[in-house]
Novice: 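This is the structure, below, for whatever I ask next.
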Protein chains: 2
Amino acid sequence: MSTIKDVAKKAGVGIGTVSRVITGKGFVSEQTAKRVQKAVDALGYRPSPTARKLQAGKSQTIGVFLPVIRGSFYAPILHSLYTELQARGRHMVVAFGQTVTNERQEALEGAQFLIDHGCDGLILMATALKLRDVENLIVEQPRLALLNKHFDRYAEMCFVPDHEAAGAAAARALWQLGHRRFATIEGPEISADNVLRMRGFYKELTALSVDVERIPRFYGDFMPKGGWAGARALLAGKVRFTALFCANDEMALGALSYLSHEGVAVPDDISVMGYDGLDITTYTVPPLTTIGVPWTEIVLSTVNYLLNCCYGTKLPVERNPPATILWRGSVAAVGTAKKVKQQPAS
Amino acid sequence: MSTIKDVAKKAGVGIGTVSRVITGKGFVSEQTAKRVQKAVDALGYRPSPTARKLQAGKSQTIGVFLPVIRGSFYAPILHSLYTELQARGRHMVVAFGQTVTNERQEALEGAQFLIDHGCDGLILMATALKLRDVENLIVEQPRLALLNKHFDRYAEMCFVPDHEAAGAAAARALWQLGHRRFATIEGPEISADNVLRMRGFYKELTALSVDVERIPRFYGDFMPKGGWAGARALLAGKVRFTALFCANDEMALGALSYLSHEGVAVPDDISVMGYDGLDITTYTVPPLTTIGVPWTEIVLSTVNYLLNCCYGTKLPVERNPPATILWRGSVAAVGTAKKVKQQPAS
DNA sequence: AGTCTTTCTGACAGCGCTTTCGAACTTCGC
DNA sequence: GCGAAGTTCGAAAGCGCTGTCAGAAAGACT
């Protein structure tokens with residue numbers, strides 16, 4: 001790699017002049033600029049971001065923490081993040097979590113890593129973070145945005161889909177189709193993500209005078225396996241139901257798979273509703289009716305907000321894009337469906 | 001952020017001494033070391049990786065290029081990459097491609113970015129790369145590993161599943177179950193990834209004296225949508241078939257979805273085989289029989305190889321972990337299956 | 001004492017860059 | 001023809017760190 005010195009020597013000027021030509025700041029005569037440019041091209045010189053960062057303190061880089069990058073959920077979010085940042089001419093460094101159980105610790109370490117590596121701002125997607133974590137973090141790096149986690153005290157920097165409203169919408173939709181007997185496959189009981197959407201779901205049903213205490217529930221792991229296990233447990237239980245609400249799409253996939261395996265027809269025998277709106281749900285069998293969370297929009301706003309913080313840009317920030325119900329084939333009105341199109345396998 | 005100077009002042013020593021304590025190199029008396037350590041703790045000092053990189057030329061960071069991070073395919077690979085690197089105490093910086101059509105250009109730009117940012121080595125997953133691209137790249141950064149792309153000339157640094165053998169295995173397996181009439185949903189015609197596995201598939205069938213010229217094929221986009229379109233086109237065609245081989249799992253998902261939509265029973269009417277072994281294929285309806293590509297092992301070897309290059313470690317590198325057939329429910333022997341369990345929807 | 005090790009420590013150069021600062025050179029108005 | 005103002009450019013400082021080097025301190029020898 002050639003350095004600024006090489007260019008200066010080749011062009012017969014001082015390094016300051018080269019720098020001025022590169023950055024476009026300060027006065028340089030047309031002639032000199034041309035000579036320098038020629039040397040730059042000849043040597044294939046590109047300034048070192050590392051040296052720039054050390055000098056300037058700014059790196060044009062945003063740090064991102066994501067809990068984990070398996071499954072189908074985080075990939076599109078990462079993709080949006082990357083695309084938006086790229087489009088605004090900034091770079092992205094990612095730290096991931098590895099385990100499900102230790103998200104908080106990993107997020108803290110990840111954030112530390114990102115700060116140390118000179119990111120100008122941080123986007124943290126970590127539901128497990130506590131208020132005091134944020135308070136500590138903010139001291140070191142005030143340019144912070146939180147994805148999918150809300151603190152009243154830091155409402156400004158928090159970007160969260162309205163999970164509670166979305167959960168309520170799911171309940172209402174199912175009710176309006178005539179469903180009265182529900183079952184749910186929740187995520188991990190402690191997961192804030194799960195709690196919110198399920199709270200919305202149960203609250204709405206309560207308002208609709210359903211006795212939610214009697215709704216059979218299963219706590220899964222947000223993965224297809226959990227959905228499979230959940231469907232099995234629920235089917236084995238005594239309480240019959242016509243509508244199954246899953247706290248995320250991946251579990252819904254598992255549930256769909258088990259139901260099919262057992263010869264239970266969806267939606268004829270049981271309607272299944274997912275949550276998230278993963279791309280893949282268009283192509284399940286049957287296609288999954290699910291709650292479409294507007295992640296792309298939310299990510300866009302998050303990025304814009306942070307960029308405004310970091311670089312004084314004036315990009316638009318939208319606060320509450322609503323979730324929508326993606327109507328597919330896995331939910332039907334009660335009584336409408338033809339009976340048992342499919343027989344048990346064995 | 002406190003700097004090494006602050007620590008030195010606080011501990012009443014020179015900055016060199018602090019550096020020696022931090023890095024553990026050179027002689028420092030127990031006493032002094034303790035004093036320095038105390039200052040470090042008090043100030044919460046952590047050395048700046050940026051400054052270190054500038055000074056040392058090494059960054060303990062590996063750069064990774066991935067074509068795109070949508071869909072379900074790259075996420076587990078990224079995850080493996082990250083986990084392995086993390087486990088070996090190195091960092092990862094990722095550059096992604098954005099479009100499907102411009103992979104080569106994007107890979108080149110991504111690699112450039114990673115080099116500029118001081119990565120000690122590069123892992124490039126870009127099938128579209130040409131030999132001369134690699135030749136150019138290697139001048140700037142000889143510590144290179146290529147994932148899923150093979151050049152005879154650089155066999156050392158290339159880590160590729162044996163797609164051709166895997167494709168052949170798929171053909172053989174289908175044949176052995178009595179299938180004689182095949183159809184295929186390929187990936188993009190120019191995709192090397194697609195070409196290899198399909199070549200293996202057709203070659204093997206030819207060896208088994210199937211006239212592969214008469215096999216109806218559809219060129220998809222490696223995405224569920226393409227699989228859906230492929231299944232529709234193939235079903236609409238005149239040539240009947242009992243086995244459908246899809247060049248990747250995502251298209252198989254789409255195909256499965258269309259077949260179900262049309263009331264075609266899988267595997268009773270048509271056996272469907274995928275390729276990749278995505279996690280999710282365990283939970284499709286029916287569960288998808290697919291070719292399990294040992295990405296985790298391949299990634300592990302790639303990382304180890306590159307780490308050996310960069311840091312002189314002696315980590316084990318395995319060259320050719322074989323693909324395996326993941327037997328699920330979407331493939332059956334011809335004639336075995338019960339007839340038409342399911343009726344067309346309309 | 002004087003010399004030689006051995007052990008420890010601070011000063012300082014330098015990684016590649018940006019940004020002052022002031023010197024040198026123009027241009028202009030009077 | 002001379003000072004003021006405007007331009008242009010090189011020297012040099014400094015971002016935070018590591019590594020070299022030589023000097024200081026402390027023993028272990030003549």
Side-chain angles (χ1 to χ4, degrees), chain A residues 1-40 43-61 91 112-113 115-120 140 311, chain B residues 1-40 43-61 91 113 115-120 140-141 311:
Chain A
M1 279 301 299
S2 45
T3 74
I4 199 170
K5 273 189 196 167
D6 303 328
V7 178
K9 193 176 292 177
K10 179 133 190 165
V13 299
I15 58 168
T17 306
V18 178
S19 175
R20 252 162 279 150
V21 173
I22 301 289
T23 58
K25 291 178 189 168
F27 299 99
V28 180
S29 74
E30 197 112 342
Q31 283 182 17
T32 327
K34 219 169 251 174
R35 242 188 20 242
V36 170
Q37 192 55 53
K38 204 172 279 180
V40 166
L43 265 44
Y45 167 76
R46 277 157 302 135
S48 145
T50 306
R52 276 192 163 163
K53 182 173 356 180
L54 183 58
Q55 157 66 28
K58 287 260 172 175
S59 60
Q60 304 296 328
T61 299
H91 308 307
Q112 204 56 262
F113 167 79
I115 291 176
D116 288 351
H117 278 257
C119 294
D120 296 338
E140 289 213 62
Y311 311 110
Chain B
M1 278 301 299
S2 46
T3 75
I4 198 170
K5 273 189 195 168
D6 303 328
V7 177
K9 193 175 292 178
K10 177 134 192 165
V13 300
I15 59 167
T17 305
V18 177
S19 174
R20 251 163 280 150
V21 173
I22 300 290
T23 59
K25 292 176 189 168
F27 301 98
V28 179
S29 74
E30 197 111 342
Q31 284 182 16
T32 329
K34 219 169 254 173
R35 238 183 27 238
V36 170
Q37 192 56 53
K38 204 170 281 180
V40 167
L43 265 46
Y45 167 76
R46 276 156 304 135
S48 145
T50 307
R52 278 193 161 161
K53 181 172 357 178
L54 183 59
Q55 154 68 25
K58 288 259 173 175
S59 61
Q60 305 296 329
T61 298
H91 309 308
F113 166 79
I115 292 175
D116 288 350
H117 279 255
C119 294
D120 296 338
E140 289 212 62
Q141 174 54 285
Y311 311 109

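Worth knowing before you read on, the calculation uses all heavy atoms, side chains too, and leaves out hydrogens, waters and symmetry mates. We name chains A, B, ... by the order of the sequence lines, and we start the count at 1 in each one.
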Novice: Using atom CG of D116(A) as one end and atom C1' of dC17(D) as the other, report the distance to the nearest whole Å.
Specialist: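 In whole Å, dC17(D) C1' and D116(A) CG are 14 Å from each other.
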
Novice: Starting at atom NZ of K25(A), determine the distance to atom P of dC17(C), rounded to an integer number of angstrom.
Specialist: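 Interatomic distance, NZ of K25(A) to P of dC17(C): 15 Å.
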
Novice: Let me spell it out: for each of I22(A) and G12(B), pick the nucleotide of DNA chain C with the closest heavy atom. Which residue's pick is nearer the 5' end?
Specialist: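 On the 5' side of the pair lies G12(B).
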
Novice: Could you tell me whether the phosphate oxygens of dC9(D), OP1 or OP2, come under 4.0 Å of any side-chain nitrogen or oxygen in S29(A)?
Specialist: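 Affirmative; the distance criterion is met.
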
Novice: Would you kindly compare T17(B) and R46(A) by the position of their nearest DNA chain C nucleotide and give the one closer to the 5′ end?
Specialist: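 Mapping each residue to its closest nucleotide by heavy atoms, the 5'-most match is T17(B).
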
Novice: Determine, stepwise, if the pair D6(B) / Y45(B) fulfils side chain to side chain donor-acceptor pair (under 3.5 Å).
Specialist: CA-CA 9 Å; D6(B) 303 328; Y45(B) 167 76; over 6 Å; no

Novice: For the residue pair H117(A) and H91(B), does the interplanar ring angle fall in the parallel (under 30°), tilted (30 to 60°) or perpendicular (over 60°) class?
Specialist: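 Perpendicular: the ring planes of H117(A) and H91(B) meet at over 60°.
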
Novice: At a heavy-atom distance below 4.0 Å, what parts of residues 52-61 of chain A sit against DNA chain C?
Specialist: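 Heavy-atom cutoff 4.0 Å gives R52(A), Q55(A).
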
Novice: Calculate, to the nearest 0.5 Å, the distance between atoms NZ and OG1 belonging to K53(B) and T61(B) respectively.
Specialist: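 Here the rounded value is 5.5 Å.
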
Novice: Between atom CZ of R46(A) and atom CD1 of I4(A), what is the distance when rounded to the nearest 0.5 Å?
Specialist: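 Reported to 0.5 Å precision, the distance equals 14.5 Å.
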
Novice: I need the CZ-P distance between R20(B) and dT7(C), as an integer number of Å.
Specialist: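 For the pair R20(B) CZ and dT7(C) P, the rounded distance is 15 Å.
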
Novice: Distance check needed: dC9(D) C1' versus F27(A) CZ, whole Å only.
Specialist: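 Distance, rounded to whole Å: 12 Å.
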
Novice: Under 4.0 Å between any heavy atoms, over every strand shown, what does T23(B) touch: base, sugar-phosphate, or nothing? Just pick one.
Specialist: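 Sugar-phosphate: the residue T23(B), judged by heavy atoms under 4.0 Å, touches backbone atoms but no base.
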
Novice: Touch check for S19(A), heavy atoms < 4.0 angstrom, all strands: base, sugar-phosphate only, or nothing?
Specialist: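 Base: the residue S19(A), judged by heavy atoms under 4.0 Å, touches a nucleobase.
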
Novice: If I take atom OG1 from residue T23(B) and atom CZ from residue R52(B), how far apart are they, to the nearest 0.5 angstrom?
Specialist: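 So the gap between those two atoms works out to 7.5 Å.
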
Novice: Between atom CD of Q31(B) and atom CZ of R35(B), what is the distance when rounded to the nearest 0.5 Å?
Specialist: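 Between Q31(B) CD and R35(B) CZ, I get 7.5 Å after rounding to 0.5 Å.
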
